[in-house]
Amino acid sequence: MKVDRNVDLYSQNTMRLHSIADTVYYPESTNDLMEVLGQNKTDCLILAAGSNVILPERLHRPVISLMSLNESLEVLDDGRAHVGCSVRVQKLIRFLQDNGLGGIEYLYSVPASLGGLVYMNGGRGKKYNMSIADYLDEVEYLDLDDMTAKTMRVRRADFTYRHSPFQDMNAIILSAFFRFKAQDANDTEALIKERLAFSKQYLSADKPSCGSVYKKGNKLIFRLLKGMRAGGAMFSRKTANWISNMGDATSEDVCRLIRRGQTLHRLFFCQCEPEVKIVKE
């Protein structure tokens with residue numbers, strides 16, 4: 001298991017914020033993970049692809065990266081796909097394409113790992129009612145309360161917009177089993193290209209970001225926020241509810257913008273709920 005000291009997590013978060021971590025562990029198995037958790041009785045930061053977090057400039061508590069934990073990919077005899085938590089969504093979609101399966105090509109532009117997608121129940125958007133849980137069958141996870149690996153049989157009703165049962169549990173997702181639909185490889189390729197074209201046209205993908213900032217909020221207020229800037233961070237002029245790193249943003253710059261959005265919602269007596277996680281030192 002690899003262990004690094006004084007690591008800049010710049011490349012490990014999609015907002016591309018400089019964040020110096022005292023210690024980062026890279027477990028390569030469940031046993032490694034349990035060993036690290038056993039050694040570090042203090043609070044740890046569990047970090048996957050870093051697409052939904054705002055990291056501070058300095059992290060003194062131990063960081064556990066899950067991106068080397070489980071990179072397995074296989075189609076089982078029963079037709080299900082077994083996918084490790086560390087697999088990036090683009091790799092998964094290409095694997096499915098090679099095996100005549102598909103259904104989640106709309107996620108091709110999302111910079112996430114499989115574990116993060118399941119945890120957040122990543123999807124296309126509320127109005128489309130499409131998410132990774134549509135094909136989810138079972139999830140293997142580590143229960144941190146008793147340090148035991150367990151399996152959850154998925155009930156679709158337990159997965160709602162940007163929410164999964166794991167957000168209410170003290171657990172780390174290890175892998176998942178899916179029942180994807182049969183799909184021709186050419187159809188998959190067309191859907192990937194369609195998603196990339198959509199991303200280029202409507203999303204501010206040219207600058208680092210954390211994607212959607214708020215899970216819930218007022219669309220008119222999101223429009224008012226467009227172009228608002230704090231230091232090196234700016235609410236995108238192109239994509240509502242989206243903060244971009246214009247080149248030298250700090251965590252405080254991003255947090256200031258998030259707080260301004262919350263203030264505007266309060267002033268107009270509207271509710272908002274951040275989707276991103278603001279990590280403390």
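Predicted model, so just to flag it, every value in this text is computed and none were measured. Computed over heavy atoms, backbone and side chain alike; hydrogens, waters and symmetry mates excluded. The first residue of the sequence shown is numbered 1, and numbering continues consecutively from there.
Screening residues 53-86 for ring pair (Phe, Tyr, Trp, His ring centres under 6.0 Å), with sequence neighbours left out, gives His82-Phe177. Applying the salt bridge (charged side-chain N to carboxylate O under 4.0 Å, His left out) test to pairs two or more places apart or on separate chains, those with a residue in residues 86-95 are Arg94-Glu189. Judged as a salt bridge (charged side-chain N to carboxylate O under 4.0 Å, His left out), the pairs with a partner in residues 2-15 (not counting sequence neighbours) are, in order, Lys2-Asp4. The salt bridge (charged side-chain N to carboxylate O under 4.0 Å, His left out) pairs that include a residue from residues 45-59 are Asp22-Arg58, where partners are two or more places apart or lie in different chains. Residue pairs meeting the salt bridge (charged side-chain N to carboxylate O under 4.0 Å, His left out) criterion with at least one partner in residues 98-107, sequence neighbours excluded, do not occur; the list is empty.
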Practice task
Step by step, work out the side-chain hydrogen bond (donor to acceptor under 3.5 Å, both in side chains) result for Thr263 and Arg260.
Solution key: CA-CA 5 Å; Thr263 299; Arg260 287 181 191 175; over 6 Å; no
Would you check, one step at a time, whether the test side-chain contact (heavy atoms from CB on, under 4.5 Å) holds for Glu194 with Tyr106?
CA-CA 8 Å; Glu194 179 182 302; Tyr106 60 88; over 6 Å; no
Point to revise | Stepwise side-chain contact (heavy atoms from CB on, under 4.5 Å) test for Tyr25 and Val63 | key: CA-CA 6 Å; Tyr25 296 89; Val63 177; over 6 Å; no
- Item | Evaluation steps, side-chain contact (heavy atoms from CB on, under 4.5 Å), between Val279 and Leu47 | CA-CA 11 Å; Val279 178; Leu47 186 66; over 6 Å; no
Query raised in the report: Going through the checks in order, is the side-chain contact (heavy atoms from CB on, under 4.5 Å) test met by Tyr202 and Lys238?
Result: CA-CA 7 Å; Tyr202 295 106; Lys238 181 178 181 180; 5.6 Å; no
Item to complete: Report the C-alpha separation of Ser86 and Glu71 in whole Å, then their side-chain angles, then the decisive distance to 0.1 Å, and conclude whether the side-chain hydrogen bond (donor to acceptor under 3.5 Å, both in side chains) test is met.
Response: CA-CA 5 Å; Ser86 309; Glu71 299 180 88; 6.0 Å; no
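Ion pairing between a basic and an acidic side chain is recognised when a charged N comes within 4.0 Å of a carboxylate O; Arg153 and Asp137 show such pairing. Between Lys216 and Glu275 there is no salt bridge, since no side-chain N of the basic residue sits under 4.0 Å from a carboxylate O of the acidic one.
Atom OG of residue Ser19 and atom CG of residue Asn13 lie 7.0 Å apart, to the nearest 0.5 angstrom. Distance check, rounded to the nearest 0.5 Å: CG of Leu114 to CD1 of Ile132 gives 6.5 Å. The CG atom of Leu203 sits 6.0 Å away from atom OG of Ser109, with the distance rounded to the nearest 0.5 Å. With rounding to the nearest 0.5 Å, the separation of OG in Ser209 from CE in Met246 is 11.5 Å. One finds the CG atom of Leu96 at 5.5 Å from the CD1 atom of Ile104 (value rounded to the nearest 0.5 Å). In this structure, Leu191 CG and Arg195 CZ are separated by 11.5 Å, a value rounded to the nearest 0.5 Å.
Without hydrogens or angle criteria, Glu28 side chain to Ser68 main chain gives no donor-acceptor distance under 3.5 Å. Side chain of Thr250 to backbone of Asp253: a donor-acceptor contact under 3.5 angstrom is found.
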Show me, pair by pair, the donor-acceptor contacts under 3.5 angstrom made by side chains of residues 217-235, not counting sequence neighbours?
{"from": "Asn218", "atom 1": "OD1", "to": "Leu220", "atom 2": "N", "distance (Å)": "2.8"}
{"from": "Asn218", "atom 1": "OD1", "to": "Ile221", "atom 2": "N", "distance (Å)": "3.1"}
{"from": "Arg229", "atom 1": "NE", "to": "Gly231", "atom 2": "O", "distance (Å)": "2.9"}

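Follow the hydrophobic side-chain contacts under 4.5 Å out from Ile172 and you reach Ile64 in the same cluster. There is a path of hydrophobic side-chain contacts, each under 4.5 Å, that joins Met120 to Ile93. Val139 and Leu92 end up in the same hydrophobic cluster when Ile, Leu, Val, Met, Phe, Trp and Tyr side chains are linked at under 4.5 Å. Taking hydrophobic clusters as Ile, Leu, Val, Met, Phe, Trp and Tyr residues chained together by side-chain heavy-atom distances below 4.5 Å, Val89 shares a cluster with Leu196. No continuous path of hydrophobic side-chain contacts links Leu55 to Ile46 [ILVMFWY only; heavy atoms under 4.5 Å].
The aromatic rings of Phe180 and Phe178 sit parallel, their planes meeting at an angle under 30°, below the 60° perpendicular limit.
Nearest approach of Ala249 to Leu17, heavy atoms of both residues: O-CD2, 3.4 Å. Minimum interatomic distance between Ile173 and Gly115 (heavy atoms only, all atoms of both residues): CD1-O, 3.6 Å. Nearest heavy-atom pair across Ser212 and Asn52 is O-OD1, 4.5 Å. Across all their heavy atoms, Thr23 and Val3 have their closest contact at CG2-CG1, 3.9 Å. The minimum heavy-atom distance linking Ser131 with Arg156 is given by the pair OG-NH2, 3.2 Å. For the residue pair Val118 and Ala176, the shortest heavy atom distance occurs at CG2-CB, 4.4 Å.
A search for salt bridge (Lys or Arg N to Asp or Glu O under 4.0 Å) contacts involving Glu252 returns Arg259, not counting sequence neighbours. With sequence neighbours left out, Ser72 forms a side-chain hydrogen bond (donor to acceptor under 3.5 Å, both in side chains) with Asn70. Thr160 meets the side-chain contact (heavy atoms from CB on, under 4.5 Å) test with His163; sequence neighbours excluded. For Tyr141, the side-chain contact (heavy atoms from CB on, under 4.5 Å) partners at least two apart in sequence or on another chain are Asp143, Lys150, Met152, Phe166, Met169, Ala171. With sequence neighbours left out, Tyr26 forms a side-chain hydrogen bond (donor to acceptor under 3.5 Å, both in side chains) with Gln12. Listed by chain and residue number, Ser204 satisfy the side-chain hydrogen bond (donor to acceptor under 3.5 Å, both in side chains) test with Ser236 (two or more places apart in sequence, or in another chain).
No side-chain heavy atom of Val110 sits under 4.5 Å from any side-chain heavy atom of Ser51. For the pair Leu9 and Val7, the minimum side-chain heavy-atom distance is below 4.5 Å. For the pair Leu257/Val254, no side-chain contact is recorded, criterion being any heavy-atom separation below 4.5 Å from C-beta on. Proximity of Leu59 to Ile20: side-chain heavy atoms (C-beta onward) are nowhere separated by under 4.5 Å. Looking at Leu101 and Gln183, their side chains never come closer than 4.5 Å, going by heavy atoms from C-beta outward. Asn121 is not listed as a side-chain neighbour of Tyr161, based on a closest heavy-atom distance of 4.5 Å or more. With a 4.5 Å cut-off on side-chain heavy atoms, Glu273 and Tyr214 do not count as touching. Within the 4.5 Å cutoff, no side-chain heavy atoms of Lys207 are placed close to those of Asn245.
Only one option out of Thr148, Leu69, Asn170, Leu37 pairs with Leu142 in a side-chain contact (heavy atoms from CB on, under 4.5 Å); it is Leu37.
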